[in-house]
Amino acid sequence: MVLARRQFVAGGASLLTLAACGPGGVSFGGGAAVATDAKGAFLLLPLTGTAAAVGKDMAKAATLAAPGAALAAPFDTGDGAETAAEAARLAVAAQARLILGPLRADQVPLVLQAAGSVPVVTFSNDESLTATGAFILGVTPAQSVATMFSYARAQGAKRVAVVAADTPYGRSTAIAAQQIAVAGGMHLSATLMRDPAAGGLVSALRAASGGVMPEAVFLPDRGAALKAFAGGLKGSGVQMMGGMQWGLGADAEALANPDLEGAWYAAPPPETFQAFADRFEAAFGSVPGYVAALGFDAAVAALTLSGAKSMSRKGVLRKAGFVGALGKFRFLEDGRCKRDLSVLGLNGGQVVALGEVSDT
């Protein structure tokens with residue numbers, strides 16, 4: 001998010017106030033004691049394979065969680081489920097009390113088997129993994145949808161729709177939207193899974209919505225799919241909304257796309273993420289993404305629990321939660337993660353803070 005991070009404008013409702021900050025303004029722990037080491041916590045990251053670059057950035061981010069903190073070197077999960085399980089076995093052999101990882105959803109079942117009674121906090125955003133007993137640290141489609149539907153409802157919108165490419169992420173978003181709309185007293189008029197290159201989006205959306213256009217449309221995709229859908233909705237009068245996918249390298253692209261002028265999207269509180277991003281860039285010479293920030297947040301959780309002498313399942317479930325680069329978060333008994341995300345708007349080539357929504 002190179003361009004967006006240089007053009008952030010504060011406005012609208014106030015954002016999250018940091019409870020405890022270290023040098024550079026990076027927050028940790030929500031006011032809890034932060035240890036100088038996280039003995040017993042082990043990161044499981046892809047240091048080789050197709051996601052090696054992401055895994056290495058996550059490992060770097062973890063070192064920024066507290067100045068001088070001693071963190072165990074991460075174990076490499078590679079690309080395979082068995083290599084991830086071997087990493088988990090190495091962690092258990094090293095007296096792990098908390099496993100942070102893996103990144104890939106398909107690695108989680110074998111990691112859980114190898115972990116035994118040791119709590120596993122995965123970086124995946126696949127909420128279905130809660131059925132396995134893992135905690136889900138990744139930002140899920142449901143979290144973005146809940147934030148944007150809540151904000152849209154507060155602005156008076158009652159009829160919403162989802163338009164997405166027919167992908168696992170798009171389908172997960174549609175399922176989440178159906179549940180969240182009902183719970184929030186909104187009418188989900190349509191969920192369209194479409195080829196982004198197909199024409200006639202407005203006509204298809206109107207027909208699927210019973211002849212009446214929705215007031216707002218959630219577009220979970222990024223990149224070429226987002227560009228196509230935004231172009232297809234241009235001039236329709238609907239409010240376009242997006243989620244965290246827009247911030248995975250797509251902010252600069254979105255800023256440069258006039259079809260997205262006035263759109264809203266869910267993102268981490270700019271103040272907390274920017275403090276982290278600035279420190280990461282100063283230390284490593286590159287701009288981090290949201291996935292890299294999960295490494296920081298995992299280390300924050302581990303250091304907080306170590307300081308509280310509560311590195312256990314009970315500790316992971318602490319009601320006070322944690323405050324990391326992606327904002328405040330806490331875990332529920334079923335493994336889901338609740339987050340406070342901000343709503344940002346695209347206005348005249350700038351990213352404007354519109355408010356913050358608690359995922360409750």
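Here the structure is a predicted model, which means the values were calculated and not measured.
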Under a single-linkage definition using a 4.5 Å side-chain heavy-atom cutoff for Ile, Leu, Val, Met, Phe, Trp and Tyr, are [X] and [Y] assigned to the same hydrophobic cluster?
X: Val121; Y: Val92; result: no
X: Leu112; Y: Leu45; result: no
X: Leu100; Y: Val54; result: yes

State whether the side chain of [X] and the backbone N or O of [Y] hold a donor-acceptor pair below 3.5 Å, judged by distance alone.
X: Arg339; Y: Gln143; result: no
X: Thr63; Y: Lys60; result: yes
X: Arg104; Y: Ala84; result: no

Do [X] and [Y] touch side chain to side chain, with heavy atoms closer than 4.5 Å?
X: Leu103; Y: Val291; answer: yes
X: Leu305; Y: Arg318; answer: yes
X: Leu137; Y: Phe331; answer: yes
X: Tyr290; Y: Leu326; answer: yes
X: Ile136; Y: Asp126; answer: no

Heavy-atom pair with the smallest gap, counting every atom of [X] and [Y]:
X: Pro268; Y: Phe273; value: CB-CB, 4.2 Å
X: Ala230; Y: Asn257; value: CB-ND2, 4.3 Å
X: Ala225; Y: Pro196; value: CB-CG, 3.7 Å
X: Ala146; Y: Ile180; value: N-CD1, 3.7 Å
X: Val217; Y: Pro214; value: CG2-CG, 3.9 Å
X: Pro270; Y: Leu344; value: CG-CD2, 3.7 Å

Testing the 3.5 Å rule here: is there a donor-acceptor pair between the side chains of Thr50 and Asp79?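 Looking only at side-chain atoms, Asp79 and Thr50 do form a donor-acceptor pair, the distance falling under 3.5 Å.
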Identify, with sequence neighbours excluded, every residue that meets side chain to side chain contact (heavy atoms under 4.5 Å, CB included) alongside Glu333.
->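 By the side chain to side chain contact (heavy atoms under 4.5 Å, CB included) rule, Glu333 matches Arg313, Leu317.
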- Task: Test Thr130 against Asp334 for side chain to side chain donor-acceptor pair (under 3.5 Å), laying out the working first.
- Result: CA-CA 6 Å; Thr130 57; Asp334 64 3; 5.8 Å; no
request  = Before accepting this row, confirm whether a basic side-chain N of the pair Arg153/Glu215 lies closer than 4.0 Å to the acidic partner's carboxylate O.
outcome  =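 Here Arg153 does not pair with Glu215 in a salt bridge, since their nearest N and O are not under 4.0 Å apart.
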- Item | salt_bridge(Lys234, Asp259) N-O dist < 4.0 Å |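 Yes.
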Review point. Can you list every ring pair (Phe, Tyr, Trp, His ring centres under 6.0 Å) pair that touches residues 149-194, not counting sequence neighbours?
Key: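 Only Tyr151-Trp264 qualify under ring pair (Phe, Tyr, Trp, His ring centres under 6.0 Å).
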Using the six-membered ring wherever Trp is involved, compare the ring planes of Tyr265 and Trp246 and label them parallel, tilted or perpendicular (cut-offs 30° and 60°).
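Rings of Tyr265 and Trp246: tilted, as their planes differ by 30° to 60°.
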Would you mind writing out the side-chain donor-acceptor pairs for residues 200-209 within the sub-3.5 Å range, not counting sequence neighbours?
| from | atom 1 | to | atom 2 | distance (Å) |
| --- | --- | --- | --- | --- |
| Ser209 | OG | Ser189 | OG | 3.0 |
| Ser209 | OG | Leu205 | O | 2.8 |

Next on the checklist: Atom NZ of residue position Lys56 - does it have more than 12 heavy atoms of other residues, nucleotides or ligands inside 6.0 Å?
Outcome noted: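 For Lys56, atom NZ is not crowded (no more than 12 foreign heavy atoms under 6.0 Å).
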